[in-house]
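Right, one structure below, let's go through it.
Any value given below was found using the heavy atoms of this structure, including those in side chains, with hydrogens, waters and symmetry copies removed. Here, residue 1 is the first one in the sequence, and each next residue gets the next number.
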Amino acid sequence: PALNSGQLYSTLARLDREGLVTGEDVDGDGRGKRVYELTERGRVALAKWLDRPVPGVRLRDEFFLKFAIATSVGLAEPARLIELQRREHLQSLRDLDARLASGVDKVAGELLIEGAVLHLKADLEWLDLIEHQVHVGNVGGDR
């Protein structure tokens, strides 16, 4: 996605306030351009962040919350909710495939898109599992 410059500047200001970066004005630049550099404290914080793995488990899922609540109290048909979500995932896959085919993304962007594609494919398999459990009557039951 495109970089939000407003978010970038507010993040840099926060990092500056926290002593993680220092900023200096560029001499002769009428636009108020600043160059930022990590402080020692910023280098330590960055190293800690890089060494900390990203959590791999997500047990809170908006679709599943919607599905569990709506179907348990009869607000929606399980098959309809599954199908709507499946269509959303399939459209997202088509959009990502088109973006990859356009060739506009650099290697990092392509890797990010490929990761999103793999997540969507896993989510589609998960929807198949939910659908199967609904049909055999085991939703919420033991495995």
Side-chain angles (χ1 to χ4, degrees), residues 1-26 29 31-143:
L3 186 62
N4 180 333
S5 59
Q7 180 66 39
L8 176 64
Y9 290 122
S10 66
T11 300
L12 284 169
R14 181 181 53 79
L15 293 172
D16 196 7
R17 281 191 310 275
E18 294 175 4
L20 300 174
V21 298
T22 58
E24 289 188 26
D25 294 330
V26 173
D29 187 276
R31 299 173 296 161
K33 184 176 179 180
R34 292 178 60 85
V35 174
Y36 290 87
E37 183 177 350
L38 284 171
T39 63
E40 184 56 35
R41 192 168 146 212
R43 282 183 196 45
V44 169
L46 178 60
K48 285 181 182 178
W49 178 72
L50 289 172
D51 285 342
R52 187 176 61 240
V54 176
V57 176
R58 62 169 201 197
L59 290 178
R60 182 183 166 130
D61 182 272
E62 183 179 353
F63 167 75
F64 191 75
L65 288 172
K66 181 191 302 187
F67 179 84
I69 292 168
T71 58
S72 68
V73 296
L75 293 175
E77 285 296 316
R80 181 175 179 276
L81 290 178
I82 292 168
E83 186 55 32
L84 289 171
Q85 193 63 40
R86 182 178 284 121
R87 286 182 194 168
E88 176 65 26
H89 287 335
L90 290 171
Q91 183 59 53
S92 293
L93 278 174
R94 285 189 291 274
D95 294 345
L96 290 172
D97 285 342
R99 179 134 187 190
L100 277 175
S102 73
V104 298
D105 295 295
K106 303 285 187 231
V107 173
E110 289 176 3
L111 289 172
L112 183 63
I113 291 170
E114 290 289 353
V117 166
L118 291 172
H119 282 281
L120 283 166
K121 287 179 178 179
D123 284 345
L124 285 165
E125 286 185 37
W126 184 57
L127 288 175
D128 291 343
L129 177 65
I130 295 170
E131 188 172 52
H132 174 74
Q133 293 294 334
V134 166
H135 289 302
V136 296
N138 286 338
V139 172
D142 294 332
R143 291 187 112 211

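Of all heavy-atom pairs spanning Ala70 and Leu81, the tightest one is CB-CD1, 4.1 Å. Residues Arg34 and Asp25 approach most closely at NH1-OD1, 2.9 Å, considering heavy atoms. Summarising the geometry of Thr39 relative to Gly19, their closest heavy-atom pair is OG1-O, 2.7 Å, with the distance given to 0.1 Å. Of all heavy-atom pairs between Leu38 and Arg43, the closest is O-NH1, 2.7 Å. The two residues Ser72 and Ile69 have their closest heavy-atom pair at OG-O, 3.0 Å. Pairing each heavy atom of Leu12 with each of Val21, the nearest pair is O-CG2, 3.9 Å.
Rounding to the nearest 0.5 Å places NZ of Lys121 at 13.0 Å from NE2 of His119. Separating the CD atom in Glu88 from the CG atom in Leu127 is a distance of 11.0 Å, to the nearest 0.5 Å. For the atom pair CD1 (Ile113) and CG (Asp95), the distance works out to 10.5 Å, reported to the nearest 0.5 Å. Once rounded to the nearest 0.5 Å, the distance linking CD of Glu125 with CG of Leu129 reads 9.5 Å. For the atom pair CG of Leu96 and NE2 of His89, the computed distance is 12.0 Å after rounding to the nearest 0.5 Å. Here Leu15 contributes atom CG and Thr22 contributes atom OG1; the two are 11.5 Å apart, rounded to the nearest 0.5 Å.
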Q: Given side chain to side chain contact (heavy atoms under 4.5 Å, CB included), test Glu114 with Leu118 step by step and report yes or no.
A: CA-CA 6 Å; Glu114 290 289 353; Leu118 291 172; 5.6 Å; no

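In this structure, Arg86 pairs ionically with Glu83, as a charged nitrogen and a carboxylate oxygen lie closer than 4.0 Å.
Atom CD of Glu77 is surrounded by 12 or fewer heavy atoms from other residues, nucleotides or ligands within 6.0 Å. By the 6.0 Å contact criterion, OH on Tyr36 is enclosed, its count of non-hydrogen atoms from other residues, nucleotides or ligands being greater than 12.
Counting heavy atoms from C-beta outward, Asp128 and Leu124 have side chains that stay 4.5 Å or more apart. Ile130 places none of its side-chain heavy atoms less than 4.5 Å from the side chain of Gln85.
Between the side chain of Thr71 and the main chain of Pro78, no donor-acceptor pair closer than 3.5 Å is present.
Aromatic ring orientation, Phe64 versus Trp126: tilted (interplanar angle from 30° to 60°).
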